[in-house]
Asker: 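Let me begin by handing over the structure; questions about it come next.
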Amino acid sequence: RKEQKDPKESKETGKEHKTAQYFAPKGIGDIPYLPPVPRETIEKIAIKYNLPIPPEDTVFWEWFKDNKVIPLLIDEGAKKSLSAFSEDIVAIAIYGCQCGVDSQTGEIKESLRPYVEDRDVYIGLDQDKKPKTRRTVNKAVKRLAKAMSKLNSRVYHVTWDAEDGKGVDDVIKNKGYITIGTSKDT
């Protein structure tokens with residue numbers, strides 16, 4: 001019987017390294033994740049923002065683009081946006097803090113543009129504990145905010161105590177909720 005090695009241990013160095021938890025399909029880094037939204041949630045969001053209940057055959061994301069009164073949360077990863085929706089918070093996921101902005105032009109990617117233009121946007125990227133990672137994320141938040149501001153978006157940076165969790169999903173799990181609308185400007 002072969003001895004099984006810890007999958008986190010590198011063969012070359014014997015040192016431990018992180019294994020990936022989630023995988024996104026290759027090449028989709030700058031395509032936002034627009035989760036499917038159940039009818040019940042659409043109705044709750046309409047009521048929350050004093051909007052008429054849309055017709056049964058409404059495609060949520062088309063309806064959302066037309067209703068600029070609804071704020072948007074930008075987070076990292078599909079699971080996090082689904083968690084936000086569980087709190088009736090509209091959220092789109094990007095697949096990493098560097099995504100969403102064209103690295104050459106500094107402009108918002110066209111796939112994200114119609115959802116952020118002329119709207120209140122809350123950026124709630126992961127609250128990492130490592131100082132170097134925090135600097136990278138903060139730089140990316142500023143880059144996103146600058147690009148969105150050119151689209152008449154009002155941009156806010158959502159922060160929380162890192163002890164409450166790394167991502168929006170962790171905060172919801174650990175605190176039972178997350179509040180959007182009381183964040184500091186970016």
Asker: Testing the basics here: between Ala93 and Ala78, what is the closest heavy-atom pair and its distance to 0.1 Å?
Answerer: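 Scanning both residues, the minimum pair turns out to be CB-N, 3.7 Å.
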Asker: For Lys173, enumerate each residue passing the side chain to side chain contact (heavy atoms under 4.5 Å, CB included) test, keeping only those at least two apart in sequence or located in another chain.
Answerer: none
Asker: Could you tell me the separation between the CG atom of Leu34 and the CG atom of Leu112, rounded to the nearest 0.5 Å?
Answerer: 8.5 Å
Asker: Minimum heavy-atom separation for Lys48 to Asp88, with atom names?
Answerer: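 Closest pair (atom of Lys48, atom of Asp88, distance): NZ-O, 3.1 Å.
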Asker: Calculate, to the nearest 0.5 Å, the distance between atoms CG and CD belonging to Leu72 and Glu117 respectively.
Answerer: 13.0 Å
Asker: To the nearest 0.5 Å, how far apart are NZ in Lys146 and NZ in Lys150?
Answerer: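 Reported value, rounded in 0.5 Å steps: 5.5 Å.
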Asker: With side chains defined as the heavy atoms from C-beta onward, is the minimum distance between Lys166 and Gln127 less than 4.5 Å?
Answerer: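 The answer is no; the side chains never approach within 4.5 Å.
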Asker: Using the side-chain hydrogen bond (donor to acceptor under 3.5 Å, both in side chains) criterion, which residues pair with Asp120? Sequence neighbours excluded.
Answerer: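 Partners of Asp120 under the side-chain hydrogen bond (donor to acceptor under 3.5 Å, both in side chains) test: Arg154.
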Asker: Go through the structure and list residues passing side-chain hydrogen bond (donor to acceptor under 3.5 Å, both in side chains) with Asn152, not counting sequence neighbours.
Answerer: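 With neighbours one apart ignored, the set is Asp118.
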Asker: Given side chains that start at C-beta, do those of Val90 and Phe85 come closer than 4.5 Å, heavy atoms only?
Answerer: yes
Asker: Can you name the residues that form a side chain to side chain contact (heavy atoms under 4.5 Å, CB included) with Ser103, not counting sequence neighbours?
Answerer: Arg143
Asker: Applying side-chain hydrogen bond (donor to acceptor under 3.5 Å, both in side chains), can you list everything that pairs with Arg39, at least two apart in sequence or on another chain?
Answerer: Glu43
Asker: Name the atoms and distances for all side-chain donor-acceptor pairs under 3.5 Å in residues 51-64, with sequence neighbours left out.
Answerer:
from, atom 1, to, atom 2, distance (Å)
Thr58, OG1, Pro55, O, 2.6
Trp61, NE1, Pro35, O, 2.9
Glu62, OE1, Lys65, NZ, 3.4
Glu62, OE2, Lys65, NZ, 3.1

Asker: Could you give me the CA-CA distance, side-chain angles and deciding distance for Val116 and Ile74, then say whether side-chain contact (heavy atoms from CB on, under 4.5 Å) is met?
Answerer: CA-CA 9 Å; Val116 301; Ile74 301 287; 4.2 Å; yes
Asker: Can any side-chain N or O of Ser149 pair as donor or acceptor with the backbone N or O of Ala145 at less than 3.5 Å?
Answerer: yes
Asker: Among the clusters formed by ILVMFWY side chains lying less than 4.5 Å apart, do Ile42 and Val69 turn up in the same one?
Answerer: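 Yes.
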Asker: Is there a donor-acceptor pair closer than 3.5 Å between any side-chain N or O of Ser111 and the backbone N or O of Ile31?
Answerer: no
Asker: Is there a donor-acceptor pair closer than 3.5 Å between any side-chain N or O of Asn67 and the backbone N or O of Ile70?
Answerer: no
Asker: For Ile108 and Met148, run side-chain contact (heavy atoms from CB on, under 4.5 Å): C-alpha distance rounded to whole Å, both residues' side-chain angles, the deciding distance at 0.1 Å, then the answer.
Answerer: CA-CA 7 Å; Ile108 287 291; Met148 287 181 194; 3.6 Å; yes
Asker: With rounding to the nearest 0.5 angstrom, report the CG to NZ distance, Leu125 to Lys80.
Answerer: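 Nearest 0.5 Å value for the CG-NZ distance: 9.0 Å.
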Asker: Is any side-chain heavy atom of Trp160 less than 4.5 Å from a side-chain heavy atom of Asp170?
Answerer: no
Asker: Any sub-3.5 Å donor-acceptor pair from Ser153's side-chain atoms to Val155's backbone N or O?
Answerer: no
Asker: Using a 3.5 Å distance criterion without hydrogens, assess whether the side chain of Asn174 forms a donor-acceptor pair with backbone atoms of Asp164.
Answerer: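 Pair found, side chain donor or acceptor close to backbone of Asp164.
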Asker: Under a 4.0 Å N-O cut-off, is there an ion pair linking Asp169 with Lys79?
Answerer: yes
Asker: If I take atom CG from residue Asn138 and atom OG1 from residue Thr159, how far apart are they, to the nearest 0.5 angstrom?
Answerer: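 It is 9.5 Å, given to the nearest 0.5 Å.
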Asker: Is a side-chain N or O of Asp75 found less than 3.5 angstrom from the main chain of Ser81, in a donor-acceptor match?
Answerer: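 Yes.
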Asker: Determine whether Glu107 and Val101 satisfy the following criterion, side-chain contact (heavy atoms from CB on, under 4.5 Å), listing intermediate values before the conclusion.
Answerer: CA-CA 5 Å; Glu107 302 293 324; Val101 178; over 6 Å; no
Asker: Say you draw a straight line from OH of Tyr122 to CG of Leu73; how long is it, rounded to the nearest 0.5 Å?
Answerer: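 With rounding to 0.5 Å, OH (Tyr122) is 10.0 Å from CG (Leu73).
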